[in-house]
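Nothing here was measured: the structure is a model prediction, and the numbers come from that model.
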Amino acid sequence: MCAGGMAFRRSWFSWDRYSEVDLFTERLDQNNSLSQAIRAAASDEMDADGNVLFGQIQGTVVGLKYYSGVVNQGEMVGLEREPHNLYDRNAIMVANIYGSQVGHIRKDLAEAMAYILDRKLAKVEGVVHSSTKNRFSMPVILSFWGKEENKSAVIQRLACYGYKLITGGLKNAFDNLFEGLLESKDGEKEAAESVATPLLPHQRQALSWMCARENECVLPPFWEKRGELYYNTLTCFSAKEIPERVLGGILADDMGLGKTLTTIALILTNFHDGKPLPVYNRVSGTLSIQAPDEQSSAPFLMLCLLRVYSRSMHTRACVCVCPQDQFEEHLRADVKLRVYMYHGPDRNRSTKFLSSQDVVLTTYNVLHDVSSPLHDINWLRVVLDEGHVVRNPNTQMSKAVLDLKAKRRWILSGTPIQNSVKDLWMLLAFLRLKPFDVREWWNRVIQRPVTQGDRAGLQNLQTLVKCITLRRTKTSEVNGRPLVTLPEKSVCVEQVELSASEREEYELAHNEGRHTIGRYVAEGTVLRNYADVLAILMRLRQHCCHPDLLSKTASDAGLAATPAELREHLIEKLRVVLASGSDEECSVCLDSVRLPVITHCAHVYCRPCIAQVIGTEQESARCPLCRSDIKINELVEFPQEEMAEGNGGRSPGKWRTSSKIQALIGNLLRLRREDSTIKSLVVSQFTRFLTILETPLREHGFRFVRLDGTMSQKKRAQVIQDFQSVTPSSPAIMLLSLKAGGVGLNFTAASHVFLMDPAWNPATEEQCIDRCHRLGQKRKVFVTKFIVKDSVEENMVKIQRQKQELVEVAFGSVDNDRKTSRINDIKALMKL
DNA sequence: ACCGCCGGGTGCC
DNA sequence: ACCGCCGGGTGCC
């Protein structure tokens, strides 16, 4: 500690040798001797090798039962990489002090650690503090030591695997850093007339605050004027010249509160001292200023400004950096701006051209191109959208961002802090918040005190952040009213008429079902036969959607009352299986099915293969797939006439449409004609219906994605991201299985919802609609429910309206009256 | 009948 | 291993 103090004084003196102005005009870390001195002083947690403690994590030693080495409580353990381990090239062996193997580091953590150890980014020491709780594994505390410059790489690597280095308390405290900032920052400002979208009250407040940040020359936090000097109360530094003001800040509102709109309003409204940006008017081709009182002076002002700015590539242009997938969101048809998208291979790299724009949009990836002309321009403003994406200051991308020259600087971010205080440095450095934009000062004055648990350090950090940040959450209120209200939602039912042939099929099934259920009603056995009743209803519901939904499940076969019906069902199933497009495999020969037959248990094999199985096992023969009894004379094959027209025994599966599909496609085509940016959710309870829908969507050239319950979490996230993207090539339609996924899903890119078939429980429909009609939805939401006229669906809707769940009918412990009413429901459904 | 729920099999790297 | 994780069986009270 003593040595540290000496070193600090040395650095203080050496700093003295440079003029005071240096602190504000040059990056101190460009000066080697000084930054070295500070760095040497910075760490009193160094070991003999000059390594510093990065932090600790708790890991797990596994596989104890396979090895003889034992460890006592509090004992140190050795860690050894086993790059040639047969099972895992990332293996890390754990041994006790005698060198006897104790076990291995659990493989997920081993993977992260192997990367770090193999690259010598850190050394790791293990200590077993708590004793073994079981015979199989035990916890171990792992301390990571290394060179300061490798620290963030190590932290980042561990973070990739979900491990967070513990660097000392106060974690929760800075998690809440941004939560104390929920205040209105008084005052509202109307946007310039060129902003076509009216601002909400909280957006006008943000605009007022942002204009003030750009126009008012307030001292940065911790600076005050003392007599003739400007004095920093944290560093005790004083200077004669006024410290450079931060013209900008962090707009950290929650997603959906309109950060982008507010920023566009800022660009148009606050060109100069609260005056609007002179906007090029596309219609008349002349320059005009939108604020009425400025009209006469506009051309003159423009000339002056253009002349002033034409020197040394100063410009009135703003550059906005955003993540790739959010590119288009900034383009608003109603704002007449010279906007240039600086990306793609043919981008115009002329600084003169770029400087002549109002807004240049680019991405973080394009920006870090070394020869970027964007770095040769002195921008009026630079805006980082989703600014938290550049939080690691060591990346090329971050350096490119920091090197942008601009008078005013803004960060938009819904989640300003991701992991730790460290993330903040990048934000403050970008804003050039003196003196903390210099890493060493940030470390000494803020970061280290905070990570060491110094309350005052945290207090200072909070003050710092508070001065430059505006944050409201979706639950914030302004004048007792919520910040945002959802766009309108309208729900309509579209009746679908079945075609003559569909009606014929439907009535056939309906009469059959009505007969069966009528019998149950007469016998008073409806509730006892409920599964059958549901199955009948299910078949009718499927009829309403598409005939091909009916014939696939094995249980259908079970429903058949007569051998002839069973045979029909099995043939139908065989037809569907072979038509499904996938290369159906025989489970006996594991090859494509030749001479297909279907068993009574509804599994498909090659006839020779399954015949051999039955021949060998005789009376005890069982289906290789489900172990049901099978007999040679019960195998069902296609009737000869169908075999002939089939493609060598496999029908190519002729796709057919249905009335409901026609109704949907009609709507989708109409929407596409009206506005090709409209996106829709197409929802069904039958995933096979979704599959059937894929064909006409493809035929009509719709781009679509699909989300159903069979997909992994990772795949779902990918699909949702694709769908939510606003690029022109992104999918316009999501095929969605009604019950897929949890409540957290966000489909706000869609403004139209098509519910293809009614659900028993209307709440599941509502939940689905709410995934699209939620915070972040910018358009009016239209919900269309397709209901087949004169069908079980219509009756389902009637029952829905009474808010009754059919399942309760049969199984609920309801009293007799209610039971009677449920039975009446079923009668109503079947028109009995 | 895409879902959650249950209980059995299972287990370092 | 009194876990987590996996896959199979299962069913709406």
Side-chain angles (χ1 to χ4, degrees), chain A residues 59-69 77 79-95 101-114 117 132-140 162 526-528 530-535 537-539 541-542 545 549-550 552-556 558-559 625-628 683-691 706-713 715-716 735-743 745 756-757 759-761 763-765 767-768 804-816 818-819 821-823 826:
Chain A
T60 313
V61 185
V62 294
L64 303 189
K65 70 170 175 174
Y66 301 98
Y67 308 100
S68 55
V77 291
L79 303 167
E80 194 186 325
R81 278 282 285 121
E82 285 183 342
H84 302 300
N85 186 297
L86 285 172
Y87 302 94
D88 185 354
R89 61 191 170 79
N90 295 315
I92 295 168
M93 187 261 261
V94 181
Q101 180 163 5
V102 177
H104 282 102
I105 296 292
R106 212 227 311 271
K107 69 166 190 281
D108 53 340
L109 177 56
E111 195 181 338
M113 282 174 61
L117 294 172
T132 327
K133 281 197 218 67
N134 60 53
R135 310 184 339 261
F136 310 95
S137 65
M138 63 181 173
V140 58
V526 173
L527 302 183
R528 220 174 300 154
Y530 209 71
D532 201 8
V533 172
L534 280 186
L537 294 174
M538 170 68 82
R539 285 151 61 83
R541 288 162 60 203
Q542 291 175 328
C545 291
L549 288 176
L550 276 126
K552 205 172 177 184
T553 55
S555 58
D556 283 355
L559 280 174
L625 283 169
C626 72
R627 312 307 295 162
S628 298
V683 187
S684 173
Q685 297 168 83
F686 306 109
T687 51
R688 277 170 44 241
F689 193 30
L690 299 180
T691 307
R706 173 176 172 140
L707 189 73
D708 65 45
T710 65
M711 300 161 80
S712 68
Q713 225 42 56
K715 179 84 184 142
R716 286 179 203 213
L735 292 174
L736 179 66
S737 143
L738 182 70
K739 285 189 237 172
V743 283
L745 299 179
M756 298 308 295
D757 34 74
W760 291 121
N761 184 350
T764 55
E765 291 182 357
Q767 212 174 55
C768 183
Q804 295 165 343
E805 277 193 56
L806 199 69
V807 280
E808 275 183 43
V809 180
F811 306 105
S813 52
V814 286
D815 57 57
N816 279 330
R818 281 173 72 84
K819 270 188 190 173
S821 88
R822 306 301 191 194
I823 292 172
I826 292 172

(message) If I compare all heavy atoms of A:Leu549 with all of A:Arg688, which pair ends up nearest, and what's the gap?
(response) O-NH2, 2.8 Å
With a non-hydrogen cut-off below 4.0 angstrom, is [X] in contact with a base, only sugar-phosphate, or nothing?
| X | answer |
| --- | --- |
| A:Asp88 | sugar-phosphate |
| A:Arg135 | nothing |
| A:Leu64 | nothing |

(request) Flag as yes if A:Phe136 stacks onto the base of B:dG11 (centroids under 5.5 Å, planes under 30°), otherwise no. (result) no
What is the distance from [atom1] of [X] to [atom2] of [N], rounded to the nearest Å?
| X | N | atom1 | atom2 | value |
| --- | --- | --- | --- | --- |
| A:Arg541 | B:dA1 | CZ | P | 8 Å |
| A:Lys107 | C:dC5 | NZ | C1' | 10 Å |
| A:Asn134 | C:dC3 | CG | C1' | 8 Å |
| A:Met93 | B:dC12 | CE | C1' | 13 Å |
| A:Met138 | B:dC12 | CE | P | 16 Å |
| A:Leu707 | B:dC2 | CG | P | 14 Å |
| A:Asp708 | B:dA1 | CG | C1' | 13 Å |
| A:Arg81 | B:dC12 | CZ | P | 19 Å |

(message) Taking the C1' atom in each of B:dC5 and B:dA1, what is the distance between them to the nearest angstrom?
(response) 14 Å
(request) Report the base-pairing partner of B:dA1 (Watson-Crick or G-U wobble, both distances below 3.5 angstrom), or none. (result)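 Base partner found: none.
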(message) My understanding is that a pair needs two contacts under 3.5 Å, Watson-Crick or G-U wobble. By that rule, which nucleotide pairs with C:dC12?
(response) none
Side chain of [X] (C-beta onward), nearest among [options]:
| X | options | result |
| --- | --- | --- |
| A:Gln542 | B:dA1, B:dC13, B:dC12 | B:dA1 |
| A:Tyr66 | B:dC2, B:dA1, B:dC12 | B:dC12 |
| A:Asn85 | B:dC12, B:dC2, B:dC13 | B:dC13 |
| A:Met538 | B:dA1, B:dC13, B:dC2 | B:dA1 |

(request) Output, in order, the C-alpha distance, side-chain angles, deciding distance and verdict of side-chain contact (heavy atoms from CB on, under 4.5 Å) for A:Phe686 and A:Arg541. (result) CA-CA 10 Å; A:Phe686 306 109; A:Arg541 288 162 60 203; 4.1 Å; yes
(request) Evaluate side-chain contact (heavy atoms from CB on, under 4.5 Å) for A:Ile92 paired with A:Leu117, printing each intermediate quantity in order. (result) CA-CA 10 Å; A:Ile92 295 168; A:Leu117 294 172; 3.9 Å; yes
(request) From the options A:Thr691, A:Asp708, A:Asp757, select the one residue that forms a side-chain hydrogen bond (donor to acceptor under 3.5 Å, both in side chains) with A:Ser684. (result) A:Asp757
(request) Check whether any side-chain N or O of A:Thr687 sits under 4.0 Å from OP1 or OP2 of B:dC2, and answer yes or no. (result)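 A:Thr687 to B:dC2 OP1/OP2: side-chain N or O found under 4.0 Å.
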(request) Rounded to the nearest 0.5 Å, what's the gap from CZ on A:Arg706 to OG1 on A:Thr687? Could you check? (result)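 Interatomic distance, A:Arg706 CZ to A:Thr687 OG1, rounded to 0.5 Å: 6.0 Å.
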(message) Has A:Arg81 got a side-chain atom pairing as donor or acceptor with A:Ala91's backbone, closer than 3.5 angstrom?
(response)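 Present.
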(message) Distance criterion of 3.5 Å, no angle test: do you see the side chain of A:Tyr87 paired donor-to-acceptor with the base of B:dC12?
(response) no
